[in-house]
> 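First the structure, then my questions, so here it is.
In the text below, chain A, chain B and the rest are named by the order of the sequence lines, each starting its count at 1.
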2 protein chains.
Amino acid sequence: MRSKLPTIKDIAKELNVSVSTVSRALRGMPEINEETRKRIVKYSEEIDYQPNMVATSLVKRNSHLIGVLVPNMDYFFATAVKGIDEAAMEAGYTVVISQSNESYGREVANTQRLMNSQVEGLIVSLSRETQNVEHFKRVQRKQSPLVFFDRDFPGLEGSKVLLNNELGAETAVSHLIDQGCRRIAYLGGQANLAISNSREKGYTEALKKAGLEIKSEYIIHGEFEKESAYNNMLDLLQLAEPPDAIFAMGDRMALGAYKAIKEKGLRIPEDIAIVGFNDEPIMSMVSPSISSVAQPAFEMGKMAARLFIEQLNSQEGYKNRLETFVPHLMIRESSMKIK
Amino acid sequence: MRSKLPTIKDIAKELNVSVSTVSRALRGMPEINEETRKRIVKYSEEIDYQPNMVATSLVKRNSHLIGVLVPNMDYFFATAVKGIDEAAMEAGYTVVISQSNESYGREVANTQRLMNSQVEGLIVSLSRETQNVEHFKRVQRKQSPLVFFDRDFPGLEGSKVLLNNELGAETAVSHLIDQGCRRIAYLGGQANLAISNSREKGYTEALKKAGLEIKSEYIIHGEFEKESAYNNMLDLLQLAEPPDAIFAMGDRMALGAYKAIKEKGLRIPEDIAIVGFNDEPIMSMVSPSISSVAQPAFEMGKMAARLFIEQLNSQEGYKNRLETFVPHLMIRESSMKIK
DNA sequence: TTGTACGCGTTATCAT
DNA sequence: ATGATAACGCGTACAA
């Protein structure tokens, strides 16, 4: 279906003026007679004329579309996307979102698809599976802006908006130490994940600074899901010296540990304190509420969009930028031993 | 930045053939000499030629872009969008997402923005504030496909993908009755909201069928947020005959009630049972876990995209379609009084 | 099988 | 102040 829409040609014909006059009038160029401009504007509104952005894009060589590729739409990414959207909108850009579902294959496919969908460049957060970033080379060869956020990878080239994960972890663990915890365990992700490693580093740093021993049996590399953390927590509870605090690299994992601890009849935070990472809404909804390291997701998204547009408007020889954000610890019941 | 990209013209010049030959070869048209096609394909790959979709869109008069407008990115919509994306991708379409943040003003603005961004039509879920749907008339005048999902409004014209909310509510309340509950309260939204009313209707239906009295003090019209439900629940507990079960029109509200009940030292489900609506992940994560009515979000999204594409490919005189989905009750600890 | 020429809707350049 | 015309990159009748 879809019938033919009116174009500036139709307007020109109807009003006996040239297309250029119509074009100029509609775009409010100065050199137009006020009379004719009014006639043109009036008639355009009558027939509900809408400019065809595709044609404009072709001439101007831009689509004003930004491709966004995220692993999923959990709270963090949904919020970040809102930030991207807001900044993009302000600058007159529209966002095309695509989810990789944490799958490398889909990430590659979606990268292609987005680039073929007229987007002017990409804002990307890598999938958890991604261990190869060749598919982005194409984007760069095209000289298109490429901004990564939240997730990094060795050898990745492009502007980046990252969180100081190490600092976040260190802050969280130091807080647990301040609360009197001495046997703090780390529930982390697979050993090759950049984010997990940064947070682990922050964890060990905090322990070192406090002069506490780093015990390998307190450092767990598991899956991201709740179930995995639940099982790992049960194992931790079997230790001769079970931990008196848990720092989890993600809220899902924190919730798994939380469940295991509760089921064993132990008290939170009295017996075992917990701090998670991401500050998902659920953390404040459960009882006792759970402390968590919050990321400025919205701000990070905004910044990503800003870097994108900056690069778009830049001249030859743009240098990739790196913006690092500082996380903020949300202290809740699960880690408040000292009232 | 952004340098000039190679076009079929460049390829034609380099290979001493005409642009039409290149165009045909690249799109695998049959009437091309196998020799020349190989030369062309080979060279195109060498210089990493990427077709300019903007130009193609202009000629073909389609952008293969679907505009999606959702109120937010909570679990339901995130999942629905995944469904839309999947079906769209299969059909060669790309999705442009925009969030209204439950604001009428943003909905209107985003509708305009999307339509100006070359999308071929819209898949929309209304914002909670929306009480006027004039802004969609424009889309329809353009003969563009318009599909609404999840949220309806009187007088709204377009294809629709809805949930049988009444049935969902009735199922939930009947289940509570089966579990022995007799004083069931309904935590609903503002009185002018279609979804809230449908669910309220299901609630009263179930009571009627069981021959139970419908008490107005058990029917609450509040806000969607947890806090509002929390306060309303506290009020309910003050009644001479407090309810022995809560059916909430949304999970957030269920969580608010949940919190109030727990704080008052009452047991769930023994003293008061709870059923929510939406089946957000959190419902299975808390303890006791909370029953909830699940919507087939992914399938609903897929269907919306299918209707969209169907309409796009249809001839003159397409009739709007209505697809209704059946919800499914997830029974969990919060409503299992009979083991 | 291949080439020529025009059109898609708009903007930009150069005249008038 | 306005008009004619050539782009933008690609697809496609029509010709050859």
> Let me know the distance between CE of B/Met29 and P of D/dT12, rounded to the nearest Å.
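Rounding to the nearest Å, CE of B/Met29 and P of D/dT12 are 7 Å apart.
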
> In whole angstrom, give the distance that lies between atom CD of B/Gln50 and atom P of D/dG9.
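Result: 15 Å.
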
> Answer with yes or no whether the side chains of B/Ser20 and B/Ser23 bring together a donor and an acceptor at under 3.5 Å.
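No pair is found: no donor N or O on one side chain lies under 3.5 Å from an acceptor on the other.
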
> Does A/Lys9 make a side-chain N or O approach to OP1 or OP2 of C/dG7 shorter than 4.0 Å?
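Negative; the distance criterion is not met.
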
> Can you tell me if the side-chain N/O atoms of A/Tyr49 get under 4.0 Å from OP1 or OP2 in C/dG9?
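The answer is no; no side-chain N or O of A/Tyr49 sits under 4.0 Å from OP1 or OP2.
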
> Whole angstroms only, please: what is the CG-P distance between B/Asn62 and D/dC10?
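Roughly 15 Å, once rounded to whole Å.
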
> Using modelled atom types and a 3.5 Å cut-off, is there a donor and acceptor pairing between side-chain atoms of B/Arg151 and backbone atoms of B/Ile195?
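Looks like no, no N/O pair under 3.5 Å.
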
> Please list, for nucleotides 1-5 of chain C, all pairs of protein and nucleotide N/O atoms separated by less than 3.5 Å.
{"from": "C/dT1", "atom 1": "O5'", "to": "B/Glu31", "atom 2": "O", "distance (Å)": "3.2"}
{"from": "C/dT2", "atom 1": "OP1", "to": "B/Thr36", "atom 2": "OG1", "distance (Å)": "3.4"}
{"from": "C/dT2", "atom 1": "OP2", "to": "B/Asn33", "atom 2": "N", "distance (Å)": "2.9"}
{"from": "C/dT2", "atom 1": "OP2", "to": "B/Thr36", "atom 2": "OG1", "distance (Å)": "3.0"}
{"from": "C/dG3", "atom 1": "OP2", "to": "B/Ser18", "atom 2": "N", "distance (Å)": "2.9"}
{"from": "C/dG3", "atom 1": "OP2", "to": "B/Ser18", "atom 2": "OG", "distance (Å)": "3.1"}
{"from": "C/dG3", "atom 1": "OP2", "to": "B/Thr21", "atom 2": "OG1", "distance (Å)": "2.4"}
{"from": "C/dG3", "atom 1": "N7", "to": "B/Arg24", "atom 2": "NH2", "distance (Å)": "2.6"}
{"from": "C/dG3", "atom 1": "O6", "to": "B/Arg24", "atom 2": "NH1", "distance (Å)": "3.1"}
{"from": "C/dG3", "atom 1": "O6", "to": "B/Arg24", "atom 2": "NH2", "distance (Å)": "3.1"}
{"from": "C/dT4", "atom 1": "O4", "to": "B/Ser20", "atom 2": "OG", "distance (Å)": "3.1"}

> Side-chain N or O of A/Arg61 less than 4.0 angstrom from OP1 or OP2 on D/dG9?
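Result: yes.
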
> Test of understanding: with ring pair (Phe, Tyr, Trp, His ring centres under 6.0 Å), list the residues that count as partners of B/Tyr93, not counting sequence neighbours.
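Once residues adjacent in sequence are excluded, the partners of B/Tyr93 under the ring pair (Phe, Tyr, Trp, His ring centres under 6.0 Å) criterion are B/His64.
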
> Tell me yes or no: between the side chains of A/Glu129 and A/Ser103, is some donor less than 3.5 Å from an acceptor?
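Result is no, nothing qualifies.
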
> What do the steps show when you test B/Ser57 against B/Arg61 for side chain to side chain donor-acceptor pair (under 3.5 Å), and what is the final call?
CA-CA 5 Å; B/Ser57 293; B/Arg61 293 167 148 156; over 6 Å; no

> Taking NE2 from A/His64 and P from C/dT11, how many angstroms apart are they, rounded to a whole number?
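Atom-to-atom, A/His64 to C/dT11, this comes out as 12 Å.
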
> Check whether B/Asp85 reaches the backbone of B/Val81 with its side chain - one donor and one acceptor, N or O, closer than 3.5 Å.
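Looks like no, no N/O pair under 3.5 Å.
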
> From CG of B/Leu58 over to P of C/dT10, roughly how many Å is that when rounded to an integer?
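Nearest whole value for this atom pair: 9 Å.
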
> Check the side chains of A/Ser98 and A/Arg113 for a donor-acceptor pair under 3.5 angstrom, ignoring hydrogens and angles.
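Judged by distance alone, the side chains do pair up.
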
> I'd like to know if the side chain of B/Ser159 reaches the main chain of B/Arg321, judged simply by a donor and an acceptor atom lying under 3.5 Å from each other, with no hydrogens or angles considered.
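Yes, the answer is positive, given that a donor and an acceptor are paired below the 3.5 Å cut-off.
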
> Quick one: B/Lys60 NZ to C/dG9 P, roughly how many Å, whole number?
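Spelled out: NZ on B/Lys60 to P on C/dG9 is 15 Å.
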
> Is the phosphate of D/dG11, meaning OP1 or OP2, less than 4.0 Å from a side-chain N or O of B/Ser23?
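Checking B/Ser23 against D/dG11: at least one side-chain N or O falls below 4.0 Å of OP1 or OP2.
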
> Over the length of the helix from C/dT1-D/dA16 to C/dT16-D/dA1, how much do the five-pair end axes diverge, rounded to 10 degrees?
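The end axes of the helix from C/dT1-D/dA16 to C/dT16-D/dA1 are about 40° apart, to the nearest 10°.
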
> Separation of B/Arg27 atom CZ from D/dC10 atom C1', in whole Å?
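Spelled out: CZ on B/Arg27 to C1' on D/dC10 is 8 Å.
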
> Without decimals, in angstroms, what is the distance between A/Lys13 NZ and D/dT2 P?
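Computing the A/Lys13:NZ to D/dT2:P distance gives 20 Å.
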
> Which is it for A/Arg37 and A/Glu34 under the salt bridge (Lys or Arg N to Asp or Glu O under 4.0 Å) test, yes or no, and what are the steps along the way?
CA-CA 5 Å; A/Arg37 113 118 28 64; A/Glu34 197 50 36; 3.4 Å; yes

